[in-house]
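Please read these numbers as outputs of a predicted model, since none were measured by experiment. To find a chain, count down the sequence lines: A is the first, B the second, and so on, and within it residues start at 1.
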Amino acid sequence: LDLDTARAQGLVGERYDGLIGPVQGGGEVQALVARINSERMEEYRRIAEQRGVPVSAVQKLVGEKLVNNAAPGTFVMTPSGDWRKK
Amino acid sequence: CQPTVKVEAPDKPIVINLNVKIEQEVRVKVEKDVEDLLEDRKDLF
Amino acid sequence: RLASATGWADLAEGTGRLRLDMPRQVFDPKALRPEHLHGALGTFASGVTGAVAAEGTLAWGPEGLDPDLNLMLRDLSLSQGFVTLRRINGVIRLTSLDPLRTPLGQTVSVAAVEAGLPLTDVTADFQLDGDRLHIDSARATLADGTLTADPASLPLDLANGTMTLRVRDMRLAPLVNLLDIEGLNAAGALGGEIPLRFAGGDVVIDNAVLRSQGPDRVAYAPEAPPDALSGGGQSVDMVMEALEDFRYNTLRVTVDGRASGQLTVTLHISGHNPAFYDGYPVEFNLSVSGALAEAVQAGLQGYQVPDRIRERMMNFQNGQ
């Protein structure tokens, strides 16, 4: 299961903290969410340390970009915490 | 008649405002790093 | 060596019982991650460091798996969305693995919780139930003041949910230090509530209000008056004079903002300075906005795990 298919099938969605969240359960989805999020967090921490800003600032920046340009039909999390289909 | 000038203690207090912003600008470099990241790691984003 | 197990299994009956022992495993985002030990954990925590160890029994029979494991957490740190927990310590008991579940009354200490507000010396009594966390009670320190949390039930991904922190006589002086305003000294204590709302991993604080518990004194005498000072038309030095020795009768602190971005703390003070126009009433509104949560990292060196939790960790190790 790769990220694009999972997003297209509505199994995962983008959160504005720059991470993906499981829209539906299941072992395979959980494994994908865990792998993608931990590698993303590593990149965010690298940038944050390099530029001396909190990791949350990098997360927020990426989150806004990903949620805004999410493909139509895929899920994004609203600021109040529910999944919405673009 | 002689207008009288009454000096009452005005009840409206003096209002003092002070707004302090702890500067934390997201540097342009961070923006650029993020763009590069989204480009380089298509598998992740 | 990940774990060792000794015990018996009756294949015909489909029953068995194992004694398990997993020595200390150190998490590192580049190497061992929680999801390597248990699939679900990867979705609930990222950037995990620190160590875990486990011991206990795993029995199974027709009705399924019956684990009874003690899991020791040692200086575990993790993030979920914009909330970061630093140095979690304690021993928790797991009585189900799929879904993950603990009995009531698990206790851990956390050196610091960054959730918009920098909370330190946290202890929490909770129960883990699948993808939900039931918090029975929690205590924390904010600017040397003690906060207690009402019982709350939250999804582990912090997608939604609320929690209320109660503040009782939090001294103003350390809070003002946290805001780092040069030349500002404030006496007195505050009480009130801070409602937290979780949203997609973010923590939203909507207009929390803390009030002074009695009249007291504020003195604001910076070296150089900040240019942002506006006194409704009064000249700056007149304003400075008013704030030099300010006796307030009411003081309100409001907190607004999000962990992911700005937090604004505003002091609304009303009172007078006896030496200023013989006590003419003055209102002073000082608002400070910025990311306050980062202030806490420096203060963690001296952190001590509370005794009762450290004791349980000792017993765990002796047992292992």
Could you give all pairs that pass the salt bridge (Lys or Arg N to Asp or Glu O under 4.0 Å) test and reach residues 71-86 of chain A, with sequence neighbours left out? none
Can you confirm whether A:E64 is buried at CD, in the sense that more than 12 heavy atoms of other residues, nucleotides or ligands lie under 6.0 Å from that atom? yes
Measure distances from B:L44 to the heavy atoms of chain A and classify the residue's part below 4.5 Å as side chain, backbone, both or neither. both
Partners of A:K65 by side-chain contact (heavy atoms from CB on, under 4.5 Å), sequence neighbours excluded? B:E31, B:V34, B:E35, B:L38
For residues 30-46 of chain A against chain B, heavy atoms under 4.5 Å, the residues are A:I36, A:E39, A:R40, A:E43, A:Y44, A:R46
Mind checking which of residues 1-23 of chain A sit less than 4.5 Å from chain B, heavy atom to heavy atom? A:L3, A:R7
